[in-house]
Amino acid sequence: MTQRPILLITGATSGFGEATARRFVAEGWRVIITGRRKERLAALANELRNGDNVHALCFDVRDNAAVERAIGSLPEAWRAIDVLLNNAGLAASLDPVQEGNLDDWNRMLDTNVKGLLQVTRAVVPGMVARKSGHIINIGSTAGKEVYPKGNVYCASKHAVDALTKGFRQDLLPHGIKVTQIAPGMAETEFSLVRFAGDADRAKQVYAGVQALTGDDIANLVWFAATLPPHVCINDLVVTPTAQANSATVFRGG
Ligand code: NDP
Ligand code: 8X3
């Protein structure tokens with residue numbers, strides 16, 4: 001019997017990552033779930049585990065030594081990762097540049113850009129050696145346009161956009177697919193994190209709009225990951241029907 005494929009997800013403890021873990025497990029894949037919140041990871045692993053279908057790794061993508069240790073610790077049966085979903089990320093606050101907080105800026109750049117690079121660097125040599133694999137980066141409409149006060153978050157997602165194109169070119173001779181999925185407004189814990197736990201402010205972001213959900217993005221990851229070997233989605237921008245771009249949202253619905 002052929003081995004079931006393996007997906008590694010960064011940031012599987014909520015939002016897009018958690019929904020994608022549920023979807024791929026339901027489809028019979030083996031899934032490596034990762035994130036910093038140990039209790040959530042353990043709870044998700046316990047819920048989804050059915051034999052050897054789930055492996056949990058607790059690490060911070062900003063800590064390169066921890067990334068290398070975690071990937072290096074994978075048991076032999078979990079090493080041949082077929083799909084890497086670089087999803088872990090965040091926005092921290094929404095301030096004009098003159099009021100920006102350096103810790104917030106570092107947190108976003110270290111997670112969204114350097115963290116993505118560090119995990120990719122740890123996983124991709126195995127894909128190159130096997131001459132197969134697929135990297136799916138979660139970008140954003142914020143990586144396509146810049147909106148007021150979005151400055152550093154938008155810059156980090158523009159970097160994801162550029163890195164996706166760069167990975168695609170570098171990995172072309174090795175038969176590895178590279179895809180960016182760039183969502184607009186999605187109601188996850190994203191705004192709660194951005195506004196440091198202010199649930200009212202987070203709720204206002206989605207007022208009057210049927211926002212995307214984690215399941216919507218999980219569907220797209222599933223679609224991109226299961227196309228025939230000769231077909232690669234390079235870039236997929238997805239927004240709620242009520243959102244045309246970062247700045248244009250119809251809230252009358
Ligand atoms: P959530 O806040 O619900 O999920 C974020 C996930 O990232 C969590 O599982 C969190 O896990 C993980 N994470 C954050 N920082 C780190 C870190 N340093 N190390 C490891 N894991 C980390 O938000 P979303 O699901 O919405 O966000 C997922 C991705 O989608 C992000 O890259 C975000 O920028 C992007 N995105 C979100 C949109 C939205 O509107 N929601 C739209 C477009 C893109 P833990 O805290 O346990 O480490
Ligand atoms: C998240 C979407 O519009 O808040 O990447 O930047 S937005």
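Just so you know, ligand 1 is whichever comes first in the structure, and atom 1 is the first atom listed for that ligand.
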Could you list each N/O atom of ligand 2 together with any protein N/O atom closer than 3.5 Å, one pair per line with the distance?
unit_1, atom_1, unit_2, atom_2, d
ligand 2, 5 (O), S140, OG, 2.5
ligand 2, 5 (O), Y153, OH, 2.6
ligand 2, 6 (O), Y147, OH, 2.7

Which of the atoms in ligand 1, numbered in the order shown and given with their element, are less than 4.0 Å from a heavy-atom of G139? 43 (C), 44 (C)

Describe, in one word, how the ring planes of F24 and W222 are oriented to each other, choosing from parallel (under 30°), tilted (30 to 60°) and perpendicular (over 60°). perpendicular

So which protein heavy atom does atom 47 (O) of ligand 1 come closest to, and at what separation? T13 OG1, 2.8 Å

Is the closest N or O pair between S140 and ligand 1 shorter than 3.5 Å? no

Hey, is E189 close enough to R40 for a salt bridge, meaning N to O under 4.0 Å? yes

Side chain, backbone, both or neither: which part of S191 comes within less than 4.0 Å of ligand 1 when only heavy atoms are counted? neither

Got a list of side-chain donor-acceptor pairs under 3.5 Å for residues 11-19, not counting sequence neighbours?
unit_1, atom_1, unit_2, atom_2, d
T13, OG1, R37, NH2, 3.3
E18, OE2, R22, NE, 3.3
E18, OE2, R22, NH2, 2.7

Please could you name the atoms of ligand 1 that I138 approaches to less than 4.0 Å, counting only its heavy atoms? 29 (C), 30 (O), 35 (C)

With the threshold set at 4.0 Å, does a side-chain nitrogen-carboxylate oxygen contact exist between K203 and E187? yes

For this output row, return yes or no: ring centroids of Y147 and Y153 closer than 6.0 angstrom. no

For ligand 1, which atoms have a heavy atom of G15 less than 4.0 angstrom away? 3 (O), 25 (O)

Consider ligand 1: state whether an atom of it lies below 4.0 angstrom from any non-hydrogen atom of E187. no

